[in-house]
Amino acid sequence: QVQLVESGGGLVRAGGSLRLSCVASGRTNSDYTMAWFRQAPGKERDFVAGITSSGASMVRADSGEGRFTVSGDNAKNTVYLEIYSLKPEDTAAYYCAARMTDGLVYTAQKYDIWGQGTQVTVSS
């Protein structure tokens, strides 16, 4: 089994940047697709960006107008989400997720493993 631990969240001012990290441990020798979701209070958990085991990545077009970048470091079993020009509406809990099938999908239910989340709060 794989465990995911996110870090890098915090309180930032609008216009700032953050880099979130997700470290995978356990059985990481399989081909996993990794993704980032976010969930604001009272809202659904939405797909933000993801990356496959081969390095193909995708940022959801309506996530942040080019302000999000997803990347991975296989040697460190780590996936990153960089967020630039943060806005108050980016405030949410950000979750890392993995699915044991190679292929990016938007649906949270398709992901098998979840981290505990890291909170991002953007002040205006």
Side-chain angles (χ1 to χ4, degrees):
Q1 187 64 296
V2 172
Q3 294 81 42
L4 304 175
V5 177
E6 304 97 329
S7 63
L11 174 63
V12 295
R13 289 190 175 185
S17 301
L18 278 177
R19 187 176 79 162
L20 308 182
S21 300
C22 173
V23 179
S25 61
R27 288 190 173 183
T28 57
N29 57 335
S30 299
D31 290 335
Y32 288 91
T33 291
M34 305 293 293
W36 287 95
F37 286 75
R38 67 182 179 181
Q39 187 169 21
K43 296 190 176 181
E44 294 185 351
R45 191 169 294 189
D46 291 331
F47 177 91
V48 175
I51 187 166
T52 68
S53 59
S54 60
S57 64
M58 178 177 68
V59 176
R60 188 169 179 170
D62 58 355
S63 292
E65 304 156 344
R67 299 184 295 112
F68 290 71
T69 300
V70 61
S71 61
D73 185 336
N74 288 338
K76 296 182 178 180
N77 292 325
T78 301
V79 174
Y80 304 99
L81 180 70
E82 296 181 273
I83 316 172
Y84 307 97
S85 300
L86 280 155
K87 301 178 180 181
E89 50 263 43
D90 294 320
T91 294
Y94 285 72
Y95 296 91
C96 179
R99 64 190 300 250
M100 293 178 282
T101 304
D102 213 19
L104 286 163
V105 294
Y106 284 7
T107 307
Q109 290 79 0
K110 297 290 187 181
Y111 289 81
D112 308 296
I113 303 163
W114 291 84
Q116 83 287 352
T118 186
Q119 179 67 35
V120 172
T121 303
V122 184
S123 62
S124 57

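Just so it is clear, the model here is predicted, and its values are computed rather than measured. Index from 1, following the sequence.
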Does a side-chain heavy-atom distance below 4.5 Å link W114 with R45?
yes
Would you tell me whether R67 and Y84 have side-chain atoms, one donor and one acceptor, within less than 3.5 Å of each other?
no
Please name the pair of heavy atoms, one in T118 and one in G8, separated by the smallest distance, quoted to 0.1 Å.
OG1-N, 4.1 Å
Between F68, Y95, Y106, which is the residue that forms a side chain to side chain contact (heavy atoms under 4.5 Å, CB included) with V48?
F68
Would you call C96 and M34 a side-chain contact if the rule is heavy atoms closer than 4.5 Å?
yes
How far does OH of Y111 sit from CG of L4, to the nearest 0.5 angstrom?
12.0 Å
Is it the case that one hydrophobic cluster holds both L11 and V122, taking links as side-chain heavy atoms less than 4.5 Å apart, direct or via other members?
no
Side-chain contact, heavy-atom cut-off 4.5 Å: D112 with R99?
yes
Which atom of F47 lies closest to which atom of A35, heavy atoms considered
CE1-CB, 3.8 Å
Quick check: do V120 and L20 have side-chain heavy atoms less than 4.5 Å from each other?
yes
Checking E6 side chain against G117 main chain: does a donor-acceptor pair fall under 3.5 Å?
yes
Does I113 belong to the same Ile/Leu/Val/Met/Phe/Trp/Tyr cluster as V5, with side-chain heavy atoms less than 4.5 Å apart forming each link?
no
OG1 on T91 to CZ on R38, rounded to 0.5 Å
9.5 Å
V23 with W36, same ILVMFWY side-chain cluster at under 4.5 Å
no
Check whether any side-chain N or O of T33 sits under 3.5 Å from a backbone N or O of T101 as a donor-acceptor pair, and report yes or no.
yes
Distance from S85 atom OG to D90 atom CG, nearest 0.5 Å?
9.5 Å
When rounded to the nearest 0.5 Å, the distance separating NZ of K110 from CE of M100 is 13.5 Å
With a 4.5 Å limit on heavy-atom distance, are the side chains of Y80 and T69 in contact?
no
Looking only at heavy atoms, what is the nearest atom pair of A14 and P88, with distance?
CB-CD, 4.2 Å
If we only count heavy atoms from C-beta on, is the L86 to R13 side-chain gap below 4.5 Å?
no
Measuring from atom CG of L104 to atom OG of S57, what distance do you get when rounded to the nearest 0.5 angstrom?
8.0 Å
Using every non-hydrogen atom in the two residues, find where G50 and V70 come nearest and quote the distance to one decimal.
O-CG1, 3.5 Å
